[in-house]
Amino acid sequence: MKKNIRFSQVIMYVSVIILVSSCVIKKNSGDNITKIVYSFGDSSVPPQYHRSYVITATPENIHIVVDSYGNILADTTYEMNTENFKLLTDKLLETGLKNKKKPTDNNGCTGGTTKSVVVFEGEKTTISGTLYICGGETYGDLEGDIDSFSNEINSFIPDIKKLLE
């Protein structure tokens, strides 16, 4: 009888531990993401053609600043809602963007473009990485499908093509 009681107690304790841990361990759903900052750095071209920009997205708004070598060409904010922000965070997770160890050399390639992503959960930075695209190669400390994420975040700026003219 004592063995059955101990066995039952062990089963009960194990069940409680599993139940508690399943409540504590949560799926990486993006629900804690509070801000995403995406930056595009244009290649070295004459100022009339150079367009770099930063897009900052929160559940409340999405803000874009376009510049040409530091000269601000556009600074616009649009409303965002939690549903669209969730679409954006889902895309971030889907693209697998995350930090990786930065390679030490870009083989001397110059004149390329950069794409950067910084992701915040409150004040904490969870992803902060940059890819440098030059000569058909990519270098940097970010992995994942940056192009798909870039297309997604750009799609939330209603007149981005006009802003980049």
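- Around atom CD of Gln48, more than 12 heavy atoms belonging to other residues, nucleotides or ligands sit under 6.0 Å away.
- At distances below 3.5 Å, not a single donor-acceptor pair connects side-chain atoms of Ser148 with backbone N or O atoms of Asp145.
- By the 4.5 Å heavy-atom criterion applied to side chains, Asn154 and Phe40 are not counted as neighbours.
- Looking at His63 and Asp75, their side chains come closer than 4.5 Å, going by heavy atoms from C-beta outward.
- Ionic pairing of Glu94 and Lys91 is present here: one or more N-O contacts between side-chain nitrogen and carboxylate oxygen are shorter than 4.0 angstrom.
- Counting heavy atoms from C-beta on, the side chains of Lys100 and Leu142 never come closer than 4.5 Å.
- Side-chain contact between Ile62 and Ile55: present, with at least one pair of heavy atoms (C-beta onward) separated by less than 4.5 Å.
- With rounding to the nearest 0.5 Å, the separation of OG in Ser116 from CG in Leu131 is 8.0 Å.
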Intermediate values then yes/no, side-chain contact (heavy atoms from CB on, under 4.5 Å), Lys35 and Val118
CA-CA 8 Å; Lys35 180 168 63 171; Val118 182; over 6 Å; no

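- To the nearest 0.5 Å, the span separating CG on Asn32 from NZ on Lys124 amounts to 9.5 Å.
- Side-chain atoms of Asn81 come within 3.5 Å of backbone atoms of Asn84 as a donor-acceptor pair (strictly under, hydrogens ignored).
- Between Tyr78 and Ile157 the shortest side-chain heavy-atom distance falls below 4.5 Å.
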In sequence, state the C-alpha distance, the side-chain angles, and the governing distance for Phe149 and Val117, and then conclude on side-chain contact (heavy atoms from CB on, under 4.5 Å).
CA-CA 9 Å; Phe149 182 73; Val117 175; 4.2 Å; yes

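- Taking 4.0 Å as the cut-off between side-chain N and carboxylate O, Asp147 and Lys115 count as a salt-bridged pair.
- Taking the side chain as every heavy atom from C-beta outward, Val37 and Phe120 approach each other to under 4.5 Å.
- Between Leu97 and Ile146 the shortest side-chain heavy-atom distance falls below 4.5 Å.
- Under a 3.5 Å cut-off, the side chain of Asp141 and the backbone N or O of Thr130 do form a donor-acceptor pair.
- The closest donor-acceptor contact from the side chain of Ser68 to the backbone of Asn71 lies at 3.5 Å or more, if one exists at all.
- Evaluated for a side-chain hydrogen bond (donor to acceptor under 3.5 Å, both in side chains) with Lys86, the options Thr82, Thr89, Asp90 yield exactly one hit, Asp90.
- Contact between Leu164 and Arg51 at its shortest, heavy atoms only, is O-CG, 3.2 Å.
- Looking only at distances, a side-chain donor or acceptor of Thr58 sits under 3.5 Å from a matching main-chain atom of Glu60.
- Scanning all heavy atoms of the two residues, the minimum distance from Ser150 to Tyr38 falls at OG-OH, 2.9 Å.
- Atom OH of Tyr49 sits about 12.5 Å away from atom CG of Asp42, to the nearest 0.5 Å.
- The CD1 atom of Ile133 sits 4.0 Å away from atom OG1 of Thr113, with the distance rounded to the nearest 0.5 Å.
- Summarising the geometry, atom CG belonging to Leu88 is positioned 5.5 Å from atom CZ belonging to Phe156; distances are rounded to the nearest 0.5 Å.
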Please lay out, stage by stage, how Leu163 and Thr76 fare under the test side-chain contact (heavy atoms from CB on, under 4.5 Å).
CA-CA 9 Å; Leu163 292 174; Thr76 308; 4.2 Å; yes

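- Under the 4.5 Å side-chain criterion, counting only non-hydrogen atoms from C-beta, Thr126 is not in contact with Lys98.
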For the pair Ile64 and Val54, evaluate side-chain contact (heavy atoms from CB on, under 4.5 Å) and give the outcome as yes or no after the intermediate values.
CA-CA 6 Å; Ile64 183 170; Val54 177; over 6 Å; no

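- For Ser52 (side chain) and Gly41 (main-chain N/O), no donor-acceptor pair under 3.5 Å exists by modelled atom type.
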